[in-house]
Number of protein chains: 2
Amino acid sequence: MSQWSQHGRLQPHDPIADDGDEVHFCSTCAFGSACLPAGLDKTALNELHMLVGHVGPFHDGDIVFRSGERFGAVFAVRAGMVKTRQLDDEGHEQVLGFHLPGEMIGLDAIHPAKYPCDAIALDTVFVCRFSFPALSTLATKIPDVQGRLFDLLSADIGKSARYSGDHAADERLAAFLLDLSGRYAARGFAPNAFRLVMPRADIANFLRLAAETVSRVLRRFQDQNLIRVDGREVELTDKAALRKLARHILRD
Amino acid sequence: MSQWSQHGRLQPHDPIADDGDEVHFCSTCAFGSACLPAGLDKTALNELHMLVGHVGPFHDGDIVFRSGERFGAVFAVRAGMVKTRQLDDEGHEQVLGFHLPGEMIGLDAIHPAKYPCDAIALDTVFVCRFSFPALSTLATKIPDVQGRLFDLLSADIGKSARYSGDHAADERLAAFLLDLSGRYAARGFAPNAFRLVMPRADIANFLRLAAETVSRVLRRFQDQNLIRVDGREVELTDKAALRKLARHILRD
DNA sequence: GTGTTGCATTGACCTGAATCAATGCAGATC
DNA sequence: GATCTGCATTGATTCAGGTCAATGCAACAC
């Protein structure tokens with residue numbers, strides 16, 4: 001067994017000191033296919049691990065990086081959930097995304113050379129820090145690392161366009177739930193029952209809805225037996241129906 | 001003088017045969033800073049030029065690349081305007097963006113390894129084709145090229161998040177006009193008077209509005225002396241006021 | 001226990017933008 | 001010139017989702 005619960009939350013045990021579980025983590029990480037046996041020789045693997053720093057724990061509300069800070073590194077979420085968001089000059093928040101263990105954040109900071117958003121822990125979070133200058137240098141030496149970076153960057157373009165369309169509230173929410181489900185599945189977590197770690201207001205903001213609408217739609221989904229909700233715990237009980245609702249948004 | 005009108009449209013003259021103007025074009029292109037004297041030695045410059053193919057002309061409605069096609073190359077728009085869009089299985093269109101001369105398209109195709117959207121010419125269009133395998137190989141050899149690619153990819157993440165927020169119709173439209181203006185300016189075109197090459201319906205779709213709303217808001221802007229509109233020609237006469245409207249969307 | 005705090009939910013009402021339905025208008029075609 | 005065709009505009013009406021205002025409820029402090 002490992003220190004991971006099925007909800008992706010960290011048990012009271014410090015994974016930073018737990019080098020024995022390193023590989024298990026890496027297998028779920030965004031760089032997994034670049035780091036792991038998958039074709040990389042030992043030197044390359046070591047070089048990648050050399051430039052990684054483990055950072056944490058962060059707690060609910062803690063800031064991983066802050067908008068405007070000089071860009072120096074990208075981060076992979078190791079444990080917990082991170083939200084990224086922008087604030088405008090009047091303090092209006094725009095949630096850009098929620099990031100699960102194994103996902104990469106900070107890629108949008110490369111060009112402006114400063115973080116364009118805040119990254120905020122939603123629960124207990126550990127991250128891996130990849131110095132970007134070091135990573136780029138490594139990428140020129142190891143084509144697989146370069147390719148992995150291109151892939152991660154390219155995928156993020158698609159992701160941030162995903163919810164850009166004009167869709168009804170129930171379509172957006174169905175897509176949101178299925179998206180999370182798929183991402184949990186991809187990292188080896190239970191895909192059909194998980195915790196919505198973030199408050200309703202954050203889901204609403206992300207989906208351009210009011211928190212009240214999120215509440216009402218979740219309630220309706222439950223009444224229609226598509227899901228079961230209990231506070232922040234959710235279980236998807238009719239994914240086919242959800243998929244049908246979300247089909248305009250999730251085309252893949 | 002060159003073959004470029006102030007609206008970025010091509011005069012009846014074939015630039016493909018016009019090698020003499022190559023440099024002038026490159027200076028406005030997304031790869032400009034990688035190709036041009038800016039630090040690159042002649043060999044590098046030549047290698048980059050080697051892998052570029054000039055393609056065109058395309059005409060209004062022609063397809064530059066099609067959703068689902070195997071990914072093999074990214075493209076820089078050389079002349080004209082290109083829109084990118086996705087169609088869902090029921091044929092509903094979602095416009096992802098409009099791309100001016102000097103801008104790169106196809107970067108979102110790297111990861112899925114196939115184009116996730118259609119790229120469609122809105123008027124007479126010429127593009128430069130960069131074979132991506134060749135470009136990646138060059139990138140491992142020339143760090144500046146790799147860095148330029150990282151920058152382009154990273155910038156696109158930010159761009160596709162730009163209009164993702166929840167904003168009123170007039171804020172979105174003001175941001176749209178200023179965004180175009182800034183991009184024309186960055187490429188050396190007149191920033192305050194230009195042609196909205198795309199039909200109203202495309203602007204509306206892109207901004208998640210109805211075409212009627214676009215029409216009404218443009219009209220209101222004109223009544224408020226913020227702009228002058230005549231069909232698809234538009235002139236920004238009070239950018240300060242537009243900027244104030246758009247301030248929640250354009251934070252940079 | 002009793003507050004208090006911070007979300008989440010629910011209901012009543014309102015509104016911005018969509019939709020529906022003409023009408024206008026310029027450029028192509030005959 | 002007359003007729004089409006494809007947008008764009010304008011007005012009347014509708015409605016999805018927002019806003020406002022309570023109320024519920026669990027975790028925590030005292």
Side-chain angles (χ1 to χ4, degrees), chain A residues 59-61 81 83 92-95 98 120 122-124 163-177 195-224 227-234 245 248-249, chain B residues 9 59-61 81 83 92-95 98 120 122-124 163 165-177 195-224 227-234 245 248-249:
Chain A
H59 299 285
D60 184 11
M81 192 180 283
K83 97 171 165 182
H92 300 129
E93 181 173 12
Q94 169 60 39
V95 175
F98 304 103
I120 301 177
L122 290 173
D123 54 353
T124 302
Y163 294 97
S164 70
D166 181 31
H167 303 285
D170 51 351
E171 298 178 353
R172 312 176 81 71
L173 217 23
F176 177 71
L177 293 172
R195 186 176 172 74
L196 298 170
V197 182
M198 69 297 285
R200 297 285 191 272
D202 281 349
I203 300 177
N205 182 305
F206 177 62
L207 298 176
R208 284 181 257 118
L209 299 171
E212 292 90 334
T213 303
V214 170
S215 202
R216 287 189 254 260
V217 173
L218 287 179
R219 162 52 94 107
R220 196 166 71 241
F221 281 177
Q222 173 154 269
D223 293 347
Q224 295 167 157
I227 64 174
R228 262 191 8 84
V229 213
D230 176 21
R232 296 194 183 182
E233 300 295 334
V234 67
L245 273 172
H248 302 305
I249 303 175
Chain B
R9 281 169 303 169
H59 299 285
D60 184 12
M81 192 180 284
K83 98 171 162 181
H92 300 130
E93 182 173 11
Q94 170 60 39
V95 175
F98 303 103
I120 300 176
L122 290 173
D123 56 350
T124 301
Y163 293 96
D166 182 31
H167 303 285
D170 52 351
E171 297 177 354
R172 312 177 80 71
L173 218 22
F176 177 71
L177 293 172
R195 185 175 172 75
L196 298 169
V197 182
M198 70 296 286
R200 296 286 190 270
D202 281 349
I203 300 176
N205 183 304
F206 177 62
L207 298 176
R208 283 182 259 118
L209 299 171
E212 293 90 333
T213 304
V214 171
S215 202
R216 287 188 254 261
V217 173
L218 287 178
R219 161 53 92 107
R220 196 166 71 240
F221 281 177
Q222 174 155 268
D223 293 347
Q224 293 166 160
I227 64 174
R228 262 191 7 84
V229 212
D230 177 22
R232 298 194 181 179
E233 299 295 333
V234 66
L245 273 171
H248 303 303
I249 304 176

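Only heavy atoms go into these numbers, but all of them, side chains included; no hydrogens, no water, no symmetry mates. Each chain gets a letter, A, B and so on, in the order its sequence line appears, and its residues count up from 1. These numbers were taken from a predicted model, which means no experiment stands behind them.
For Thr213(B), the side chain to side chain contact (heavy atoms under 4.5 Å, CB included) test picks out Ala169(B), Leu209(B), Ala210(B), Val217(B), with sequence neighbours left out. For Arg228(A), the salt bridge (charged side-chain N to carboxylate O under 4.0 Å, His left out) test picks out Glu235(A), with sequence neighbours left out. Residues satisfying the side chain to side chain contact (heavy atoms under 4.5 Å, CB included) test with Arg219(A), not counting sequence neighbours, are Asp223(A).
Nucleotide dT9(D) holds its P atom 10 Å from the CD atom of Gln222(B), rounded to whole Å. Atom CZ in Arg220(B) sits roughly 15 Å away from atom C1' in dT9(D) (whole-Å rounding). Taking atom CG of Asp166(B) as the reference point, atom C1' of dG16(C) lies 11 Å away to the nearest angstrom. Atom CG in Leu218(B) sits about 17 Å away from atom P in dC7(D), given to the nearest Å. Atom CD in Glu171(A) sits about 12 Å away from atom C1' in dA16(D), given to the nearest Å. One interatomic measurement links the two molecules: CG of Asp60(A) to P of dT5(C), which rounds to 18 Å at whole-angstrom precision. In this structure, CE of Met198(A) is placed 15 Å from C1' of dC7(C), rounded to the nearest angstrom. Atom CG in Asp170(B) sits roughly 12 Å away from atom P in dA18(C) (whole-Å rounding).
In this structure, Arg232(B) reaches the dA8(D) phosphate: one of its side-chain N or O atoms is under 4.0 Å from OP1 or OP2.
Residue pairs meeting the salt bridge (charged side-chain N to carboxylate O under 4.0 Å, His left out) criterion with at least one member in residues 201-217 of chain B, sequence neighbours excluded, are Lys83(B)-Asp202(B).
Taking every heavy atom of both residues into account, Ala201(B) and Ala211(B) meet most closely at CA-CB, 4.1 Å. The two atoms that bring Arg172(B) and Tyr163(B) nearest to each other are NH2-O, 3.0 Å, heavy atoms only. Shown here for Leu122(B) and Met198(B), the closest heavy-atom pair between the two residues is CD1-CB, 3.7 Å.
In this structure a side-chain-to-backbone donor-acceptor pair under 3.5 Å is missing from Asp170(A) to Leu245(A).
Counting distance only, with no hydrogens placed and no angle test, the side-chain atoms of Arg216(B) and the base atoms of dT19(C) include a donor-acceptor pair under 3.5 Å.
Between Phe176(A) and Leu196(A), the closest side-chain pair of non-hydrogen atoms falls below 4.5 Å.
Using a 4.0 Å cutoff on non-hydrogen atoms, the parts of residues 200-213 of chain A near DNA chain C are Arg200(A), Ala201(A), Glu212(A), ordered by number.
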What protein N or O atoms touch nucleotides 22-29 of chain D N or O atoms at under 3.5 angstrom, if any, and at what distances?
none

